[in-house]
Amino acid sequence: MARSPVQLINAQSFMMDENSGSPAAAPQAAAPTALPTADLLQLRRAKVDQWRARGNDPFGTAFPATQLAANVIAGYEEDQSVRVAGRLVAIREMGKSVFAHILDQSGRIQLYAQKNVLGDEGFAQWKLLDLGDWVGAEGNLFTTKTGEKSVRVSALTLLSKTLRPIPSEWYGLSDPEARYRQRYLDLIANPEVRDTLSKRSQIVREVRRFMEDHGFMEVETPMMQSVAGGAAARPFTTHHNALGLDLYLRIAPELYLKRLLVGGFTKVFEVNRNFRNEGISRKHNPEFTMLEAYWAYADFDQMASLVESLITTVAERVFDTLAVGGRDADPATNTPARESIDLTPPWPRERYRDAVCRTAGADWFALTPEGRRARCAELGIELSPAMEDFEVTNQVFEKLVEARQVKPLFITHLPKELVPLAKQNAEDPSVVDVFELIINGQEISPGYTELNDPIVQRERLVAQAGEETQLIDEDFLTALEYGMPPAGGIGIGIDRLVMLLTGAESIRDVILFPLMRPAVRETSAAGQ
RNA sequence: GCCUCGAUAGCUCAAUGGUAGAGCAGUUGACUCUUAAUCAAUUGGUUGUAGGUUCGAGUCCUACUCGGGGCACCA
């Protein structure tokens, strides 16, 4: 809070510099004023004044009863009267007529303005438009000689003047830094980005719908927690002033959702953000969206079937196909083609142990720990000396099984060391009743038969807390002592699911505003 | 945190160590069926920042900033 007034002053003097024009600014102090864009900004501001001088508000208000471009085109009737609005993305002047395209959420539509229809004054307004301006238009539909359904404009309203030039529609905006920092420009310039991110919205909607259709109730549990539990990850810290209380942003909702099972809800789910204080990569963003669901009286096997049904249902509803993530090669952007992934069920289920033997040799578990390390060397798997034996095996799993698995595969019965919160298998206590769903080399979803024994749970949490400096959620353990029904649980990383279904290469392409370091601002004038 | 690649006009990109360029956008003009409109003219740059080498640096060297990819941390 203490910072903002200073920033405001900076912002103001910054703007005044742009306003004051070069002659006045030149003799001023040392400040390396003139931004490269100054001329462009200056011209646009002058146009704002010209609109005002003509009695038009260049930042207008409501433009009611607008229709979406796509709907207008789909419901085309010759000479029908329509009202459309959007951002001007192309202008082609032809002397006494003008063709233009506006872009709205649904797509583009062409406008046609003629001097003999609009009159001198109305037509002259078109000279004061720039690419990027928001405009509303009313007129009648017609089809051009080249067959494009268009609006013959009878009246144009400027809805908002753009002071800055927008990126070229043809060349797009390809600088990744600009794309992620200024996503609004990315959305204007790159239609595939609009498509991917609106697909994300549809996917989340269909996930919710599926869960509700299957009797699950959506709940919202705390994101600020005094003990960050439910996963092994470093949390972010924050602080509540009035309570004088340090809090963590949650790393998982799990422990609260299980409290709800104790409380008697039988099918609950939550779709929301988790926060993990980790490195950023193509597959990791510090805040990410997770679906977690718990189902009383179910086990991991039923949860696997639920996940299979969920993902195939969502894929079919949103994409109308089970062959997902494919892409044609695009020589323009040098993007190679990508095979789509076939999600047709049923998806195979394989025990962790069998998958390791399949790839590292049937004798893997008969080897000594040293023998396993030697085998890893043969297989080209790098190990750190500190790794314990089960971690060595898990390296094999990650590099040879997970990384290479393209089609959906459920890996079941993981060693208990890997999954401390899950329930041990009744016949083989060295493994737990869990699955891990792998698609396209990534873990998409883990599922569990949840541990509901409060005594064992306490032992595990104590052991886990020993390593990390993590506290133990005593209230959660108390809740378990009141009795949690046997239950199955799942988590699905929504960002990664969207990547899978849309064929996105980076998690940043499916998150509207991925975390970035703050940009370094040019502090041209200001009090430094 | 480590390795590696990158940053040139508003956007997309050029430029054997020797005068920083093009297309689009912008500006001015012509054009009433264009759609990457066309035609003519034209503005626009402290080459990410700070040092260094050199007669001379966009180009070579060092550090830093931001970003991409990889590794590590982490499901």
Side-chain angles (χ1 to χ4, degrees), chain A residues 32-44 46-47 89-101 108-118 123 126-127 130-132 142-148 150 152 162-182 185-186 188-190 230-235 251-252 274-286 288 290 332-333 382 384 394 398 402 414 418-419 434 436-438 442-446 468 491-493 495-496 505-506 508-509 514 516-522:
Chain A
T33 47
L35 291 165
T37 56
D39 289 351
L40 292 168
L41 299 180
Q42 202 61 40
L43 284 161
R44 299 256 176 141
K47 286 185 184 170
V89 291
I91 305 175
R92 292 176 296 278
E93 268 188 90
M94 296 279 304
K96 296 185 181 63
S97 71
V98 178
F99 286 95
H101 273 97
R108 290 156 52 107
I109 189 166
Q110 181 166 257
L111 306 183
Y112 183 46
Q114 294 163 286
K115 192 171 188 175
N116 64 349
V117 172
L118 295 173
F123 190 70
W126 285 75
K127 302 279 183 197
D130 288 296
L131 289 184
F142 76 108
T143 304
T144 64
K145 280 181 183 168
T146 51
E148 179 161 356
S150 310
R152 190 186 306 275
T162 304
L163 294 183
R164 293 176 182 272
I166 59 169
S168 145
E169 206 194 19
W170 179 251
Y171 290 104
L173 179 73
S174 61
D175 174 16
E177 184 165 355
R179 288 188 46 226
Y180 300 138
R181 282 192 197 285
Q182 295 181 281
L185 297 181
D186 195 20
I188 293 168
N190 298 319
R234 280 187 294 168
I251 56 175
N274 290 343
F275 307 86
R276 299 190 182 174
N277 210 334
E278 298 158 1
I280 295 174
S281 80
R282 220 161 49 81
K283 295 178 182 175
H284 297 82
N285 194 62
F288 62 98
M290 186 89 140
T333 58
E382 288 181 31
S384 84
N394 201 45
E398 284 183 5
E402 187 173 272
L414 276 68
L418 292 176
V419 199
V434 307
E436 180 170 295
L437 171 63
I438 301 163
Q442 287 194 61
E443 184 203 338
I444 292 291
S445 167
E468 319 273 321
I492 298 181
D495 312 272
R496 290 183 181 177
E505 301 282 352
S506 168
R508 294 182 197 90
D509 292 329
M516 303 286 276
R517 271 204 169 81
V520 186
R521 284 274 170 195
E522 304 284 338

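Values below: all heavy atoms of this structure, side chains included; hydrogens, waters and symmetry mates excluded. Numbered from 1 within each chain, the chains take letters A, B, ... in sequence-line order.
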For [X] and [N], what is the distance between atoms [atom1] and [atom2] respectively, to the nearest whole Å?
X: A:Trp126; N: B:U32; atom1: CH2; atom2: C1'; result: 13 Å
X: A:Gln182; N: B:C11; atom1: CD; atom2: C1'; result: 12 Å
X: A:Arg108; N: B:A36; atom1: CZ; atom2: C1'; result: 10 Å
X: A:Phe142; N: B:U34; atom1: CZ; atom2: P; result: 11 Å
X: A:Tyr180; N: B:G67; atom1: OH; atom2: P; result: 12 Å
X: A:His101; N: B:C33; atom1: NE2; atom2: P; result: 16 Å
X: A:Ile166; N: B:A25; atom1: CD1; atom2: P; result: 12 Å
X: A:Leu43; N: B:U42; atom1: CG; atom2: C1'; result: 13 Å

Please determine, for [N], whether a Watson-Crick or G-U wobble partner exists with both distances under 3.5 Å, and give it or none.
N: B:G6; result: B:C66
N: B:A15; result: none
N: B:U47; result: none
N: B:U27; result: B:A41
N: B:A20; result: none

What's the gap between [N] and [M] when it is taken at their [atom1] atoms, as a whole Å value?
N: B:U46; M: B:U12; atom1: C1'; value: 23 Å
N: B:C55; M: B:C5; atom1: P; value: 29 Å
N: B:U28; M: B:G18; atom1: C1'; value: 36 Å
N: B:C24; M: B:A37; atom1: P; value: 10 Å
N: B:G67; M: B:G23; atom1: P; value: 33 Å
N: B:U19; M: B:U34; atom1: P; value: 44 Å
N: B:G56; M: B:U43; atom1: P; value: 31 Å
N: B:A36; M: B:G29; atom1: P; value: 26 Å

Heavy-atom pair of closest approach, residues [X] and [Y]:
X: A:Leu131; Y: A:Thr162; answer: O-CB, 4.4 Å
X: A:Met516; Y: A:Glu177; answer: CE-O, 4.3 Å
X: A:Phe99; Y: A:Thr144; answer: CE2-CG2, 4.3 Å
X: A:Arg108; Y: A:Val89; answer: NH1-CG2, 4.0 Å

Taking only the side-chain heavy atoms of [X] (C-beta and beyond), determine which of [options] contains the nearest atom.
X: A:Leu173; options: B:C73, B:C11, B:G69; answer: B:C11
X: A:Met94; options: B:C73, B:U32, B:U27; answer: B:U32
X: A:Glu93; options: B:C31, B:U12, B:G69; answer: B:C31
X: A:Met516; options: B:U27, B:U32, B:G68; answer: B:G68
X: A:Leu131; options: B:C33, B:G69, B:G26; answer: B:G26
X: A:Gln114; options: B:G10, B:C33, B:U32; answer: B:U32
X: A:Lys96; options: B:U32, B:C33, B:U12; answer: B:U32
X: A:Glu177; options: B:C33, B:C66, B:U12; answer: B:C66

With a 4.0 Å cut-off on heavy atoms, is [X] in touch with a base, just the backbone sugar-phosphate, or nothing at all?
X: A:Gly491; answer: nothing
X: A:Gln442; answer: nothing
X: A:Glu505; answer: nothing
X: A:Lys47; answer: sugar-phosphate
X: A:Arg282; answer: sugar-phosphate

Test: A:Arg152 cationic atom under 6.0 Å from A:Phe142 six-membered ring centre, within 45° of axis: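 Here A:Arg152 passes the 6.0 Å and 45° test against A:Phe142.
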Return no unless some side-chain N or O of [X] is found under 4.0 Å from OP1 or OP2 of [N].
X: A:Arg179; N: B:G67; result: no
X: A:Arg181; N: B:G67; result: yes
X: A:Arg92; N: B:U34; result: no
X: A:Ser174; N: B:C13; result: yes
X: A:Arg517; N: B:U65; result: no
X: A:Lys283; N: B:C71; result: no

Taking the nucleotide of RNA chain B with the nearest heavy atom to each, does A:Asn277 or A:Ser150 sit closer to the 5' end? A:Ser150
A:Asp175 or A:Met290: which one's nearest nucleotide on RNA chain B is closer to the 5' end?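 Looking at the nearest nucleotide for each, A:Asp175 comes out on the 5' side.
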How far does CG of A:Leu111 sit from CH2 of A:Trp126, to the nearest 0.5 angstrom? 5.0 Å
Just verifying a value: how many Å separate A:Ser97 OG and A:Lys115 NZ, rounded to the nearest 0.5 Å? 11.0 Å
Any donor-acceptor pair under 3.5 Å between the side chain of A:Gln110 and the base of B:U34? yes
With no hydrogens and no angle check, do the side chains of A:Asn394 and A:Glu398 hold a donor and an acceptor under 3.5 Å apart?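 Side-chain D/A pair, A:Asn394 to A:Glu398: present.
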Test item: side-chain donor near acceptor, A:Tyr180 and A:Asp186, under 3.5 Å: no
